[in-house]
Amino acid sequence: MASKNVSDYLATDDLTILLGLIAATVFLLQTFNKPQPLVHPILLGRQSDVARVRNPSESAVYRNYGTGLISRFPLRPGKDVHILADFVRSDQDLPRTLWGTKISNSALQDRVAAAGTGLIRLAGLQPGESNVLLFLNDCIEFLISDLALASHSIPSFTLTASNLLSQVLESHPPSTIITNGELLPSLLELIYDGGHNTQKYTIVVVGEPSARAMASVASKIKVLRWEDVEREGNKVEKILSPIPKPQDVFTVSFYDNGNGLQGAQFSHANLTAGVAAINSMFPAAQALSRLDTIVSGHSLSTAYGRAIAYSAIYEGTSFATLASSKLFHVDEATVKHDIADLLSIKKFPIPSPTILFIKPGHLEQLVDAILREAKKSFILNTFAWRHKLAGISEGFVTKDSLWDRLVYDGARARVIGEGAGTVRAVVVGEGPLPATVLTPARVALSCPIINTYTHPLVPAPVLASHPLDLQAFPTSNEKEPAASGPPSVNVEAKVVGVSDEVIEAGGDPEGLLLIRGPPVGRQGGVEESYVDVRKLEDDGWVATGARARIQTNGAFKLLL
């Protein structure tokens, strides 16, 4: 038999060429159509920088990878921001809507100056000596009062729960109380029944108090209307006080940590660092801008809620809070974090929300409602769910896919209504978020979901997950919390009470979470003075009371 040449084995016909072209086309289509991860996997595998040494029974010190171990912590969102008044930027004067009020920065500065002058003249406040209790639900007057008092170095008191009012009146009687009109009867009743009526009080009322409440005012209580305070400040020359220093304490937020009344004492520098941390949660390509509308479910009476509000003020965005952020109620109202609460924002004339700062209950209810609507398109939803999951497994999520247009856009619109397509990021905090909720949430909302851990002592997220980290890990039970991510950009964290044997064997450190950094305030019991805090050098670790496990990638997971 004659030997065959190599060319005989490579002989082709038209069918072979056609099949080869089809195979190459399918390969190229699969390669180019495969979604690319939104962030490089290497970054997700090392989310924290870890110190090289550690103390016995402690983990090493962890910092955010974006900050590094040798870099300085960011202290402010902009180089010109040193105190609260600097958040109202003079270089931006386009109007935006705060709750129900459309206002520019110059108009806001005028109202702040008038309120400060009016409070000093009518309420008799003394800069640097007096203190004021903000017994207020979220409103623009809260921000104006806060800015006005801080500009005159008059510390403000806030309460994270209404049941702390009696303890604060007893242990830290304020010079003046600013409250809502509907809360005046409850406040007067507490003063009379609690034996606090021996002290002279000045109460400034925001809104219209009832005639019955005004008739019950005792002789030792002076009641002023907010409108009169601002009017007085506009009639006379504005009172100017020395500019406060960044390290001056401007507020004390009272809370109960289970061991009694505690006061979280914050300086201007704490809050500017908190706003810097909030702004850094978003990638540079998706940074906050004046085109955004921020909606928050966190009360301004909390440190975190106030920092969110000042982030909106600094960026020039519209801002409002949900009905559930109301801490003080006339009756025994039950606060629910549900769809109705999310839709309560529609009573304000603000643009459609783009950034949501909500609580775990809000996200769970929202995701459940959207997916129920999507399942009504049974056949399409089956394919849509599979394709969205495939994209997420590759580290990719988008609202512009075919399946969003066919299924999820309509489902979101039926639940949220107008503006459902404008939400571009969701930040979840103030409570554990079940890990099993994250992947369905990314399918339903098709936008970055940032899970955070917050604490009353910190006006910023203590821990915050990467917005583009779409990884899903197996869980032992449905209630297991999702990872809260690495420390914020200006927070150091470690855990104590760990097993040295486990760490030496390569296991994950697990123990009590300790933190420190520029946004961390100073914790004090009611017996401590808030005036002298700025004289103290606080460079120590603060126990959060939470237990955490540090994963191999540098992300922290809280333990129930």
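What you see is a predicted model; the values in this text were computed from it and never measured. Heavy-atom basis, side chains included; hydrogens, waters and symmetry copies ignored. Residues: numbered from 1 along the sequence shown.
With sequence neighbours left out, the salt bridge (Lys or Arg N to Asp or Glu O under 4.0 Å) criterion links Glu373 to Lys376, Arg414. Every residue two or more places apart in sequence or in another chain that forms a salt bridge (Lys or Arg N to Asp or Glu O under 4.0 Å) with Asp49 is listed here: Arg46. Thr436 is linked by a side-chain contact (heavy atoms from CB on, under 4.5 Å) to Pro434, Thr475, counting only residues two or more places apart in sequence or in another chain. The salt bridge (Lys or Arg N to Asp or Glu O under 4.0 Å) test applied to Arg405 returns no partner, not counting sequence neighbours. With sequence neighbours excluded, no residue forms a salt bridge (Lys or Arg N to Asp or Glu O under 4.0 Å) with Asp86. A search for ring-ring contact (aromatic ring centres under 6.0 Å, His included) contacts involving His82 returns nothing, not counting sequence neighbours. Partners of Trp226 by ring-ring contact (aromatic ring centres under 6.0 Å, His included), not counting sequence neighbours: none found. Remark: Phe250 engages His268 in a ring-ring contact (aromatic ring centres under 6.0 Å, His included) (not counting sequence neighbours).
Of the N and O atoms on the side chains of Thr67 and Asn64, not one donor lies less than 3.5 Å from an acceptor on the other residue.
Legend: salt bridge (Lys or Arg N to Asp or Glu O under 4.0 Å) pairs involving residues 445-459, not counting sequence neighbours: none detected. Within the structure, salt bridge (Lys or Arg N to Asp or Glu O under 4.0 Å) contacts touching residues 303-316 (residues at least two apart or in different chains) are Asp146-Arg306. Counting only residues at least two apart or in different chains, salt bridge (Lys or Arg N to Asp or Glu O under 4.0 Å) contacts with residues 284-296 comprise Asp292-Arg424. The salt bridge (Lys or Arg N to Asp or Glu O under 4.0 Å) analysis of residues 275-289, with sequence neighbours excluded, yields no pairs.
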Phe135/Phe157 under ring-ring contact (aromatic ring centres under 6.0 Å, His included): CA gap, chis, key distance, verdict:
CA-CA 8 Å; Phe135 186 58; Phe157 295 161; over 10 Å; no
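Using a 4.0 Å cut-off between charged side-chain N and carboxylate O, Glu480 and Lys557 make a salt bridge.
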